[in-house]
2 protein chains.
Amino acid sequence: MTDTTDTLTIREMCDAFDVTPRTLRFYEAKELLFPIRLGTRRLFTRADRARLTLILRGKRFGFSLEDIRQLLAMYEPDGSNLTQMQRTFEIARDRLAQMEAQRAELDVAIAELKTQLAEGEKMIAAFRAPAVEQGRP
Amino acid sequence: MTDTTDTLTIREMCDAFDVTPRTLRFYEAKELLFPIRLGTRRLFTRADRARLTLILRGKRFGFSLEDIRQLLAMYEPDGSNLTQMQRTFEIARDRLAQMEAQRAELDVAIAELKTQLAEGEKMIAAFRAPAVEQGRP
DNA sequence: AGCGTGCTTGACGTTAACGTAAATGTAACG
DNA sequence: CGTTACATTTACGTTAACGTCAAGCACGCT
């Protein structure tokens with residue numbers, strides 16, 4: 001039977017999540033992960049895998065590791081602390097607002113850049129055309 | 001008559017563009033600006049103002065200072081070098097592609113985060129409700 | 001001369017999220 | 001027991017775009 005120890009070595013964990021060992025140790029140092037130790041080696045439990053999933057998702061959302069650490073910390077107490085969960089949502093909503101603002105800025109920048117490019121194309125076309133006033137032999 | 005020297009001191013330049021002296025010196029060190037010197041002091045010419053305008057615009061577009069330096073450098077030769085201008089547009093188009101990709105990712109992240117929030121609200125509502133199975137006295 | 005103000009040049013500090021290298025350990029294989 | 005193959009800790013390096021002193025000119029005014 002396949003070794004269903006339910007814990008992964010650092011290498012297995014890295015392969016499973018496509019991160020480097022340095023990253024996992026870093027996350028542990030930052031108190032984002034808490035692998036158990038077998039002697040000196042780390043063993044990542046199911047809980048660690050769940051946390052890492054959340055961490056990577058948080059990163060995609062653009063949260064900083066420190067934000068993520070705080071959010072994860074709030075899920076631990078007992079899972080039913082209303083005010084803490086609401087705080088969690090506050091943070092998430094703030095982040096959402098930031099992201100939407102960022103999107104708005106990005107839209108503006110994209111639009112501007114597009115018009116700049118369009119104007120530029122005209123200039124190039126003008127330069128490339130053998131100068132209207134010269135044609136007509 | 002107002003002193004129409006047409007050159008600005010570093011302070012005037014800072015006030016005009018809302019940047020710090022450090023920033024202007026930094027840009028000069030990075031060869032993005034080339035103020036003339038009156039003794040030891042810097043004097044920013046009209047050309048510097050034009051360049052700074054472009055620099056700040058570039059930053060809004062998300063270009064790095066190094067990108068901007070290269071772009072600015074290409075405008076200098078004589079202003080009619082076709083291949084260099086095309087290179088400029090290449091860079092701009094690449095950046096545009098990056099920005100649109102970023103926007104797409106942001107859209108996904110926003111959508112995800114929104115659903116997470118929505119689900120979370122449900123959970124909170126569930127917790128807040130005095131447990132359905134308990135009612136009905 | 002002395003003072004205040006503004007400008008100058010270094011040069012080190014900052015932040016985030018790891019990368020990278022060095023020295024050491026240890027577990028298993030043959 | 002020696003080698004191979006990972007693991008571990010420690011600690012300095014990296015990148016971008018400035019911030020933040022520190023020490024010292026340079027000018028005009030009094």
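Only heavy atoms go into these numbers, but all of them, side chains included; no hydrogens, no water, no symmetry mates. Each chain gets a letter, A, B and so on, in the order the sequences are listed, and its residues count up from 1.
- Going from atom CD of B:Glu28 over to atom C1' of C:dC7 covers 13 Å, rounded to whole Å.
- Legend: residues meeting side chain to side chain contact (heavy atoms under 4.5 Å, CB included) with A:Ala50, ordered by chain and number and at least two apart, are absent.
- Residue contacts for A:Arg25: at a heavy-atom cut-off of 4.0 Å it reaches a base atom on one of the strands shown.
- The stretch residues 19-28 of chain A participates, sequence neighbours left out, in these salt bridge (Lys or Arg N to Asp or Glu O under 4.0 Å) pairs: A:Glu28-A:Arg37, A:Glu28-A:Arg42.
- Taking five base pairs at each end of the helix from C:dA1-D:dT30 to C:dG30-D:dC1, the local helix axes there meet at an angle of 30°, rounded to 10°.
- Nearer to the 5' terminus of DNA chain C, by closest-nucleotide assignment, is the contact made by B:Arg42 (compared with the other of B:Arg42 and A:Phe63).
- Atom-to-atom, CZ of A:Phe44 to P of D:dA7 comes out at 10 Å; the value is rounded to the nearest Å.
- Between A:Leu54 and A:Ile68 there is no side-chain heavy-atom pair separated by less than 4.5 Å.
- Looking at residues two or more places apart in sequence or on another chain, you find no side chain to side chain donor-acceptor pair (under 3.5 Å) involving A:Thr53.
- Atoms CG (A:Leu56) and P (C:dA17) sit 13 Å apart, rounded to a whole Å.
- OP1 or OP2 of C:dT9 has at least one side-chain nitrogen or oxygen of B:Arg37 nearer than 4.0 Å.
- Residues satisfying the side chain to side chain donor-acceptor pair (under 3.5 Å) test with A:Glu66, not counting sequence neighbours, are A:Arg69, A:Gln70.
- Annotation for B:Leu43: hydrophobic cluster partners, listed by chain and number, are B:Ile36, B:Leu38 (ILVMFWY side-chain heavy atoms under 4.5 Å, direct or chained).
- Under the rule for a salt bridge (charged side-chain N to carboxylate O under 4.0 Å, His left out), A:Arg41 has no partner lying at least two apart in sequence or in another chain.
- Distance, B:Leu52 CG to D:dA17 P: 15 Å, rounded to whole Å.
- Put simply, CD1 on B:Ile55 is 13 Å from C1' on D:dA17, counting in whole angstrom units.
- Salt-bridge check for B:Lys59 with B:Asp67: failed, with every basic side-chain N at 4.0 Å or more from each acidic carboxylate O.
- In this entry the distance linking CD1 of B:Ile36 with P of C:dT8 reads 13 Å, nearest Å.
- Scored by the side chain to side chain contact (heavy atoms under 4.5 Å, CB included) test, A:Arg103 finds A:Asp107, B:Arg103, B:Leu106, B:Asp107, B:Ile110 as partners (sequence neighbours excluded).
- B:Lys30 has its NZ atom 8 Å from the C1' atom of D:dA17, to the nearest Å.
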Write down the protein N/O and nucleotide N/O pairs, taken from nucleotides 18-26 of chain C, whose separation is under 3.5 Å; answer none if there are no such pairs.
| unit_1 | atom_1 | unit_2 | atom_2 | d |
| --- | --- | --- | --- | --- |
| C:dC18 | OP2 | A:Tyr27 | OH | 2.7 |
| C:dC18 | OP2 | A:Lys59 | NZ | 2.7 |
| C:dG19 | OP2 | A:Thr20 | OG1 | 2.8 |
| C:dG19 | N7 | A:Arg22 | NE | 3.1 |
| C:dG19 | O6 | A:Arg22 | NH2 | 3.1 |
| C:dT20 | O4 | A:Arg22 | NE | 3.0 |

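- Here A:Arg11 pairs with A:Asp15 under the side chain to side chain donor-acceptor pair (under 3.5 Å) rule; sequence neighbours left out.
- Scored by the side chain to side chain donor-acceptor pair (under 3.5 Å) test, B:Lys114 finds A:Glu100 as partners (sequence neighbours excluded).
- Within residues 8-17 of chain B, the residues approaching DNA chain C are B:Thr9, B:Ile10, B:Arg11, by heavy-atom distance under 4.0 Å.
- Between B:Leu24 atom CG and D:dA17 atom P there is a gap of 15 Å when expressed in whole angstrom units.
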